[in-house]
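Below, chains carry the letters A, B, ... as their sequence lines are ordered, and counting in each starts from 1.
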2 protein chains.
Amino acid sequence: MSASVTSRALDLLGAFDTDHRQLTLSALARRAGLPLATAHRLVGELCRWGALARLESGEYVIGRRLWDLGLLAPVQAGLRQAASPFLHDLYGATLVTVHLAVRDGCEVLYIDRLSGHVSVPVVSKVGSRLPMHATGVGKVLLAHAPEPVRAEVLGKLTRVTPYTITQPARLLDQLRRVRAEGFATTGEEMSLGACSVAVPVRGPVGEVVAALGLVVPDLRRERARLVSALQVAAQGISRVLASAQWK
Amino acid sequence: MSASVTSRALDLLGAFDTDHRQLTLSALARRAGLPLATAHRLVGELCRWGALARLESGEYVIGRRLWDLGLLAPVQAGLRQAASPFLHDLYGATLVTVHLAVRDGCEVLYIDRLSGHVSVPVVSKVGSRLPMHATGVGKVLLAHAPEPVRAEVLGKLTRVTPYTITQPARLLDQLRRVRAEGFATTGEEMSLGACSVAVPVRGPVGEVVAALGLVVPDLRRERARLVSALQVAAQGISRVLASAQWK
DNA sequence: ACTTGCCTTCCATTGGACGGAAGGATCACC
DNA sequence: GGTGATCCTTCCGTCCAATGGAAGGCAAGT
């Protein structure tokens with residue numbers, strides 16, 4: 001299938017992921033399923049253009065030009081920079097890990113993360129994707145997702161920790177409350193020792209465009225304070241988004 | 001020249017920049033110098049792969065997959081996340097715009113920026129490049145750059161504001177002091193009303209890998225405090241970088 | 001010295017990219 | 001409703017440029 005010449009180059013790029021940030025030529029060829037000679041030539045072109053770069057070690061890595069390009073993606077172009085100051089404020093006020101995430105298909109995509117030195121260890125990384133049913137931001141986004149998405153996610157609720165919610169009925173019930181109360185919580189459902197709170201970030205016409213969340217070791221005592229801090233920040237972001245001409 | 005099939009696709013990607021984040025098919029073709037039919041086919045492939053995405057309006061933008069990929073670039077992979085908590089601390093301690101930058105050829109490339117609501121308006125954006133001789137981080141990086149780079153930069157010191165340093169001798173003198181004193185400053189040399197301080201960030205073997213800077217409206221009163229805050233942060237980053245196994 | 005793993009270059013073959021042309025859709029203006 | 005602009009999409013015969021096997025060169029490991 002495929003094998004269109006362009007897609008070969010793309011297959012090469014696709015060989016990189018979080019676990020494979022640097023690859024030798026042959027590893028690259030192997031992972032992309034291309035003959036060595038072909039890979040060699042394509043990689044050469046990609047390097048010349050700046051999509052890849054070669055380390056002194058001879059291994060290849062993603063180049064600066066792709067990094068540049070990535071920054072232009074609308075995933076974050078508007079949202080991320082609008083949110084940035086509010087994330088800092090939020091961090092300053094709470095001193096815990098702050099997350100900004102959007103829905104990508106049936107997963108949560110982390111757009112930005114802000115954490116200090118002394119935070120709960122968390123799984124998320126900027127650019128990584130996690131299941132929606134086991135994270136705070138995920139629940140928020142799921143609660144406001146179109147029906148077909150919700151159906152698909154409810155279809156396979158994979159267990160991550162002993163506390164992960166795997167019964168569709170129970171999750172549905174929670175989602176209803178998320179919509180009613182305006183925030184979602186989790187308790188060690190994604191990783192042990194980590195709880196989270198999250199609220200929706202709304203766009204100009206009230207639609208949910210992202211979710212803003214905090215990760216803390218324990219939720220019971222501070223919930224109210226955290227939720228209100230989150231809501232202040234979320235509203236601030238919405239305000240900026242609305243006024244940003246969406247140029 | 002070029003015209004290799006792969007590079008056509010890359011030319012299409014190259015048609016995007018900060019001023020052109022969304023393009024129609026024909027604009028894309030025009031900017032890339034390709035026949036419409038060809039562009040159409042290639043863009044189709046790029047979309048299918050996720051390198052581009054199509055808005056409801058019909059315009060094309062950089063897709064999420066490229067955003068993902070960009071995050072893997074070593075420009076920031078290690079540096080940026082190592083620095084992140086320290087940038088926040090620094091912001092918390094000073095409440096002014098914080099910059100993290102590296103040298104890219106003969107320019108300064110901004111890797112990360114952190115600014116609150118109430119800061120001096122600054123030109124820089126993450127992913128953007130500015131001249132080295134007119135910015136604080138630029139002077140730091142230039143002071144520790146290899147000789148040929150320094151020579152080239154000194155060759156054309158373009159004027160940006162009335163205060164921009166355009167005499168090679170004077171800049172050289174400043175660079176010497178930057179190396180001696182361990183920090184650089186600017187006074188409205190890049191944009192009026194903005195001054196800056198910056199210090200080097202050193203890697204495991206003492207080489208300068210990045211620069212850390214602050215932008216403030218006025219430097220005179222607080223210089224000492226800002227410099228020491230910067231140095232604490234820079235040392236912290238270096239420490240993390242060194243211990244990070246450089247996996 | 002032999003093997004096994006990398007990377008690089010060459011070049012004859014051929015299959016898939018190319019792009020002109022034609023068709024459709026949507027606007028705006030007369 | 002006609003006319004002209006500007007956009008997007010599809011088709012298909014030509015032909016050229018990507019392909020990848022083969023051969024050669026390093027460098028390490030046994």
A.B. asks: Using the C1' atoms of the five pairs at each end, what is the angle between the end axes of the helix from C:dA1-D:dT30 to C:dC30-D:dG1, to 10°?
C.D. replies: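 Result, rounded to 10 degrees: 40°.
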A.B. asks: Within this structure, what is the OH-to-C1' distance between A:Tyr60 and C:dC6, rounded to whole angstrom?
C.D. replies: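 In whole Å, C:dC6 C1' lies 12 Å from A:Tyr60 OH.
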A.B. asks: Mark yes or no for whether B:Ser238, through its side chain, and B:Ala234, through its backbone, hold a donor-acceptor pair below 3.5 Å.
C.D. replies: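 Indeed, once roles are kept as given, a pair shorter than 3.5 Å links the two residues.
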A.B. asks: Please report the distance, rounded to the nearest Å, between CD in A:Glu45 and P in C:dT9.
C.D. replies: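 Going from CD in A:Glu45 over to P in C:dT9 covers 14 Å.
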A.B. asks: Tell me the interatomic distance from B:Arg31, atom CZ, to D:dC7, atom P, rounded to whole angstroms.
C.D. replies: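 That distance rounds to 15 Å.
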A.B. asks: Check the phosphate of C:dT8 against A:Arg54, side-chain N and O only, distance under 4.0 Å to OP1 or OP2. Yes or no?
C.D. replies: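 It does, given that an N or O in the side chain of A:Arg54 lies less than 4.0 Å from OP1 or OP2 of C:dT8.
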A.B. asks: If you check every side-chain atom of B:Ser26, which of D:dG20, C:dC7, D:dC7 has the closest atom?
C.D. replies: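 Of all the options, the side chain of B:Ser26 is nearest to D:dC7.
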A.B. asks: Is any side-chain nitrogen or oxygen of A:Thr24 closer than 4.0 Å to OP1 or OP2 of C:dC6?
C.D. replies: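 So the side chain of A:Thr24 is outside the cut-off, no N or O lying under 4.0 Å from OP1 or OP2 of C:dC6.
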A.B. asks: For B:Arg48, is there an ion pair with B:Glu45 - N to carboxylate O distance below 4.0 angstrom?
C.D. replies: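 So B:Glu45 does not pair with B:Arg48 through a salt bridge.
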A.B. asks: In terms of side-chain heavy atoms of A:Leu25, which of C:dC7, C:dG20, C:dC18 is nearest?
C.D. replies: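 Selected nucleotide: C:dC7.
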A.B. asks: Checking contacts here: which listed nucleotide (D:dC7, C:dG19, C:dT9) is nearest the side-chain heavy atoms of A:His40?
C.D. replies: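 Comparing D:dC7, C:dG19, C:dT9 against the side chain of A:His40, the answer is C:dT9.
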A.B. asks: When the distance from CZ of B:Arg41 to P of C:dG20 is rounded to whole Å, what number comes out?
C.D. replies: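 Between P of C:dG20 and CZ of B:Arg41: 12 Å.
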A.B. asks: State the CZ-CG distance between A:Arg150 and A:Leu142, to the nearest 0.5 angstrom.
C.D. replies: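 One gets 6.5 Å once the value is rounded to the nearest 0.5 Å.
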A.B. asks: Would you mind reading off the distance between B:Leu28 atom CG and D:dC8 atom C1', rounded to a whole angstrom?
C.D. replies: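 After rounding, the gap between these two atoms is 13 Å.
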A.B. asks: Among A:Leu28, A:Thr24, A:Leu55, exactly one meets side chain to side chain contact (heavy atoms under 4.5 Å, CB included) together with A:Tyr60. Which residue is that?
C.D. replies: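 In the set A:Leu28, A:Thr24, A:Leu55, the residue that makes a side chain to side chain contact (heavy atoms under 4.5 Å, CB included) with A:Tyr60 is A:Leu28.
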A.B. asks: Using a cut-off of less than 4.0 Å, is there contact between a side-chain N or O of B:Thr38 and OP1 or OP2 of C:dC18?
C.D. replies: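 Result: no.
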A.B. asks: C:dG19 C1' sits how many Å from B:Leu42 CG, rounded?
C.D. replies: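 The distance from CG of B:Leu42 to C1' of C:dG19 comes to 11 Å, rounded to the nearest Å.
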A.B. asks: Would you say a side-chain N or O of A:Arg8 is under 4.0 Å from OP1 or OP2 of D:dA17?
C.D. replies: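 Checking A:Arg8 against D:dA17: no side-chain N or O falls below 4.0 Å of OP1 or OP2.
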A.B. asks: Testing the basics here: between B:Val153 and B:Leu157, what is the closest heavy-atom pair and its distance to 0.1 Å?
C.D. replies: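 For B:Val153 and B:Leu157, the tightest heavy-atom pair comes out as O-CD2, 3.3 Å.
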A.B. asks: Can you tell me how far C1' of C:dA17 sits from CG of A:Leu10, to the nearest Å?
C.D. replies: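 About 15 Å, once rounded to whole Å.
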A.B. asks: Can you figure out which of C:dG20, D:dT9, D:dG20 approaches the side chain of B:Leu36 most closely?
C.D. replies: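 Selected nucleotide: D:dT9.
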A.B. asks: When you measure from the side chain of A:Arg21 to the backbone N and O of B:Pro74, does any donor-acceptor pair fall under 3.5 Å?
C.D. replies: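 No, the answer is negative, given that no donor and acceptor are paired below the 3.5 Å cut-off.
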A.B. asks: Between B:His99 and B:Tyr110, what is the ring plane arrangement, given parallel below 30°, perpendicular above 60°, and tilted in between?
C.D. replies: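 Aromatic pair B:His99/B:Tyr110 classed perpendicular.
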A.B. asks: Whole Å only: how far is the CG atom of B:Leu55 from the C1' atom of D:dC8?
C.D. replies: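 That distance rounds to 16 Å.
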